[in-house]
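Below, read A as the first sequence line, B as the second, and so on, with proteins coming before strands; counting in each chain starts at 1.
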Amino acid sequence: MATHDPLEGLNPPQREVVLHEGSPLLVLAGAGSGKTRALTHRIAHLVGARGVAPGSILAVTFTNKAAGEIRERLRGLLGESGRGIRAGTFHSICVRLLRAYGDRIGLTREFTIYDEADRSQVLKALVREANLGDDTFHPNRLVHAMGVLKSRGIDPRDSDAEVPGTAGERKLELLREYQERLTQAGALDFDDLLLVTVRMLRQNEALTDYLRTGPFHHLLIDEFQDTNSVQHQFVRLVAGGGDRLMAVGDEDQSIYGWRGADVSHILRFERDFPRTRVIKLEQNYRSTGNILKAAHSIIAADKTRRDKTLWTDGSQGEPVLLRATPTDLDEARFVVSEILRLARVENRRPRDFAIFYRTNAQSRAIEDELRRWNLPYIIVGGTRFYDRAEIKDALCYLRAALSPGEPVALRRILNRPARGIGATTLERVDAIAREHRVSWPEALGIATQRPEITPSSRKSLDKFLVWLREVQATAGDVHPVALLERLLGESGYLAALEKDDDPEAQGRRENLDELIRVAGEFETREPEGTARQFLDEVSLVADSDDVDEQRDRVNMMTLHTAKGLEFPVVFLVGLEEQLLPHVRSMNLPLALAEERRLLYVGMTRARERLAISYADARVLHGERRPSVPSRFLADLDRECAKFVGVTSLGSGQYHRPAAPAAPSIQRSAFVPPASKGPSQERAIDRETSQEAVRKLLPTDEMKPGMVVFHPTFGRGTIRGSSDYGESKKVLVQFSTVGLKKLLVKQANLGVFAD
DNA sequence: TGACCTTCCATTTTT
DNA sequence: TGGAAGGTCA
């Protein structure tokens, strides 16, 4: 029984979404129109009122975060009676299918998942071996070509596979070799997960029928505008006629065309699934009237789109601010002074603010300015936890333990920690593999018997392999925490880290502890879960650096990362030709339209206040050049906006508006939380801190625990130091940017006078 | 093996 | 301009 009436508090179209049955359903849901609400309430209604078995419902999303949110809301709506409802990403669902049924198409149960870095690694090796140093065969191009092919559901070995452009034939050959290597290694890359699943379903009608009538009977697909061709094929296979299919999407928010997402899937839904019922959700619950109006004026200028107008019965709110500044530095000053002003006048916290930009490189100028004012910030989607070297090492240990035939992980861990197995040995193993036509892991075994490998390397290689085989023998039955601890302990990895006096080693240990903690959480959640399942799960996680509402920090991210999020105050910077629209998209009509949608997505993230800005000159690749306001700004409805410093929109003329005034308050509103000691309790802004810093700290006086000041990073505490002769380093915990390793001779730290 | 130097690259990146 | 990655040297 439902613990909550799923129809309560819904508007009429949302109710329709919940109640509709008997034919395919397409929900066109505008930004902030409560689509997740409609989707989860529909599921609650299926289970509670229509008696549908939870085990026959599948909700598919693009991110783990979205899937988690759906599960979370269902728990609230259904409680225990919702157990068994599946919600996951395309990729995670496919992994589960392949682990369960992959043997039907000859796939090993121990297959390993290669991420983008692994793909790039393998392709790089191929290019190197083939001696194709040419730019035409730049690994990035091959990585891209591979993505294009596979997102359409084409294996490079298929007879109809083609790579366009120069040397397409040769490139295709390389991609085929890549695919061969993966097959040999028992590995699938991200795109393969989808592609291979679709092929498996095509070849196994009985299995597809079972899924269609059983666990995937009721199918709900989120963000349908972002599906690529293989994903679309998957949906069509599993949905059958689509009578129990619901797709939710918004063509205006399609921003992943460059990754193979195809808006036409949503546009031709009614043709693919006849008798489709279309419901539009147009009431917005997020933004003020002015923000909606401004966003609409931008998106409506795309004449090729089907019109849809969001409305709100909330207030008009403040006008959207359009601010022009002379340079990118002034733009950063404008953003930060506005943050400080709103913090003071409207009592807002750092976490209320978000700054969006088109390219990552744009963050730097703003970061510098935020630090100068001691404003804590986080770059969302920046360095990812699972991309860190020590985490990858740990995961490669897991991979090597669980997939004995797989070379990439094995190669990575072989000499980490250092075991005296260097590049020369690796090359010789490569040679052995070629000579004997055996896989790389097999060649390693042979190498322990071969004279060309130095005796010491042979010995340590042998020792390592004996140990690894021992772990492999039982790895399948061990829980993740135990296996991780065993691998990192017995391999000497942790011991080496303990001994390492590099100040960063401490951070690495903490990261590994965090990974073990994550594994522990997994065990609590899935008491029966194996290490293999844990590895699958973390292999498919993109960012652990999610928007973290607990920590009170200003949020910075690219426009792409902003999708799906919302913030009370949003700054959208760099509204300039060549940036937004980006140079690489300016001459392609489809890509240009996507840039416009990107701007629209960014604007509709704002709840209460939205400020858009551009600079008339910007430093790019170390060169200062004039810039022209974005063409999109010409479409901005002036009725809902306030222009400051803007003199010539759309004319393309260079002009020079006034620089913004310096921030009007002298003291940062935010006290860094980590401060200790009575005299350091107060906030420090640039002026006072410079005054407070009495002298530069001499090298020999740098001691852990000292509170210091750095001209760029602000206040911090020394956490450790190391001595490498000339290059002595200190590790400092800053309140703005976290841990930083600084070379002592450049550290430039000051001490406070109290 | 690691420190240091050189060279290359610079759009976005749900998994 | 700055960072990452690869190469070189001790």
Side-chain angles (χ1 to χ4, degrees), chain A residues 60-67 88-95 113-121 124 128 135 138-140 143-144 147 150-151 188-194 222-223 225-228 230-231 253-261 328 356-365 381-384 386-387 389 415-424 496 500 502 536-543 546 557-565 574 578-586 591 594-595 597-598 601-602 618-625 724-727 729 743:
Chain A
V60 189
T61 61
F62 278 82
T63 65
N64 292 301
K65 199 179 161 226
T89 63
F90 275 106
H91 292 82
S92 69
I93 288 155
C94 287
V95 169
I113 300 166
Y114 278 10
D115 64 12
E116 293 295 307
D118 296 324
R119 172 186 278 186
S120 167
Q121 208 69 48
K124 252 184 220 160
R128 198 168 45 232
D135 217 30
H138 194 289
N140 286 349
V143 166
H144 178 75
K150 285 188 175 171
S151 69
L188 298 181
D189 63 24
F190 282 153
D191 292 327
D192 284 334
L193 297 176
L194 270 305
D222 196 10
E223 307 273 20
Q225 77 283 354
D226 284 338
T227 49
N228 67 24
V230 217
Q231 289 160 341
Q253 293 186 67
S254 158
I255 55 174
Y256 282 105
W258 51 276
R259 270 189 135 241
D328 49 346
F356 303 156
Y357 34 82
R358 175 69 239 261
T359 67
N360 285 307
Q362 288 169 259
S363 73
R364 246 205 60 240
T383 348
R384 303 190 291 194
Y386 290 97
D387 281 346
N415 206 31
R416 287 181 197 220
R419 297 189 177 92
I421 306 168
T424 326
D500 193 342
D502 185 315
D536 277 351
E537 194 177 289
V538 296
S539 302
L540 299 177
V541 165
D543 46 350
D546 262 347
M557 67 197 85
T558 65
L559 283 163
H560 283 89
T561 310
K563 191 172 136 205
L565 305 175
Q578 308 207 319
L579 222 41
L580 188 63
H582 194 270
V583 229
R584 313 265 282 241
S585 303
M586 283 167 60
E594 188 159 305
E595 297 283 315
R597 292 195 292 270
L598 203 45
V601 166
R618 177 174 299 274
V619 175
L620 196 69
H621 304 326
E623 203 187 330
R624 187 196 159 111
R625 36 175 106 164
Y724 291 125
E726 281 301 284
S727 52
K729 288 172 186 165
L743 212 57

Phosphate OP1/OP2 of [N] contacted by [X] side-chain N/O (<4.0 Å):
{"X": "Asn415(A)", "N": "dT1(B)", "value": "yes"}
{"X": "Thr558(A)", "N": "dT13(B)", "value": "yes"}
{"X": "Arg259(A)", "N": "dT14(B)", "value": "no"}
{"X": "Asn360(A)", "N": "dT11(B)", "value": "no"}

[X] versus [Y]: any side-chain heavy-atom pair under 4.5 Å?
{"X": "Arg259(A)", "Y": "Asn228(A)", "value": "no"}
{"X": "Asp191(A)", "Y": "Val230(A)", "value": "no"}
{"X": "Ile255(A)", "Y": "Leu559(A)", "value": "no"}
{"X": "Asp226(A)", "Y": "Lys563(A)", "value": "yes"}
{"X": "Ile113(A)", "Y": "His91(A)", "value": "no"}

Value in whole Å for how far the [atom2] atom of [N] lies from [atom1] of [X]:
{"X": "Asp191(A)", "N": "dT13(B)", "atom1": "CG", "atom2": "P", "result": "17 Å"}
{"X": "Arg416(A)", "N": "dG2(B)", "atom1": "CZ", "atom2": "P", "result": "10 Å"}
{"X": "Ile93(A)", "N": "dT14(B)", "atom1": "CD1", "atom2": "P", "result": "18 Å"}
{"X": "Gln231(A)", "N": "dT14(B)", "atom1": "CD", "atom2": "C1'", "result": "9 Å"}
{"X": "Asn228(A)", "N": "dT12(B)", "atom1": "CG", "atom2": "P", "result": "21 Å"}
{"X": "Glu116(A)", "N": "dT13(B)", "atom1": "CD", "atom2": "P", "result": "13 Å"}
{"X": "Asn64(A)", "N": "dT13(B)", "atom1": "CG", "atom2": "C1'", "result": "15 Å"}
{"X": "Lys150(A)", "N": "dT13(B)", "atom1": "NZ", "atom2": "P", "result": "22 Å"}

Pick the [atom1] atom in [N] and in [M], then give their distance to the nearest Å.
{"N": "dA5(C)", "M": "dT12(B)", "atom1": "C1'", "answer": "22 Å"}
{"N": "dT11(B)", "M": "dG6(C)", "atom1": "C1'", "answer": "24 Å"}
{"N": "dT13(B)", "M": "dA4(C)", "atom1": "P", "answer": "16 Å"}
{"N": "dG3(C)", "M": "dT14(B)", "atom1": "C1'", "answer": "26 Å"}

By ring-ring contact (aromatic ring centres under 6.0 Å, His included) - contacts of [X] (at least two apart):
{"X": "Tyr114(A)", "value": "none"}
{"X": "His560(A)", "value": "Tyr256(A), Trp258(A)"}
{"X": "Tyr357(A)", "value": "none"}

What's the closest nucleotide to the [X] side chain, out of [options]?
{"X": "His560(A)", "options": "dT1(B), dT14(B), dT13(B)", "result": "dT13(B)"}
{"X": "Thr359(A)", "options": "dT13(B), dT11(B), dT1(B)", "result": "dT11(B)"}
{"X": "Arg364(A)", "options": "dT1(B), dT14(B), dG2(C)", "result": "dG2(C)"}

*How does each nucleotide of nucleotides 5-10 of chain C score, in 5' to 3' order, for protein heavy atoms under 4.0 Å: base (B), sugar-phosphate only (S), or none (-)?*
-S----
_Letter per nucleotide, 5' to 3', of nucleotides 5-10 of chain B [B base touched, S only sugar-phosphate touched, - untouched; heavy atoms, 4.0 Å]_ = ----SB
*His582(A) stacking on dT11(B): centroids under 5.5 Å, ring planes under 30°?*
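Stack criterion met.
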_Applying the 5.5 Å / 30° rule, does Trp258(A) stack onto the base of dT12(B)?_
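So Trp258(A) counts as stacking on the base.
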*Looking at every strand, decide which applies to Tyr256(A) at a 4.0 Å heavy-atom threshold: base, sugar-phosphate, or nothing.*
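Tyr256(A): base contact, heavy atoms under 4.0 Å.
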*Assign each of His91(A) and Gly420(A) to its nearest nucleotide of DNA chain B by heavy atoms, then name whichever residue's nucleotide is nearer the 5' end.*
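First, find each residue's nearest nucleotide; the 5'-ward one identifies Gly420(A).
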*Using heavy atoms to find the nearest nucleotide of DNA chain B for Arg358(A) and Phe62(A) separately, return the residue whose nucleotide is more 5′.*
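The answer here is Arg358(A).
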*Option among Leu598(A), Thr359(A), Asn360(A) that satisfies the side-chain contact (heavy atoms from CB on, under 4.5 Å) test with Thr558(A)*: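 The option that passes is Asn360(A).
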*Look up atom CG in Asn64(A) and atom CD in Glu537(A), then write down how far apart they are to the nearest 0.5 Å.*
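Here the rounded value is 7.5 Å.
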*All side chain to side chain contact (heavy atoms under 4.5 Å, CB included) counterparts of Asp192(A), not counting sequence neighbours*: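 With sequence neighbours excluded, Asp192(A) shows a side chain to side chain contact (heavy atoms under 4.5 Å, CB included) to Lys150(A), Gln179(A), Leu182(A), Leu188(A), Asp189(A), Val196(A), given in chain and number order.
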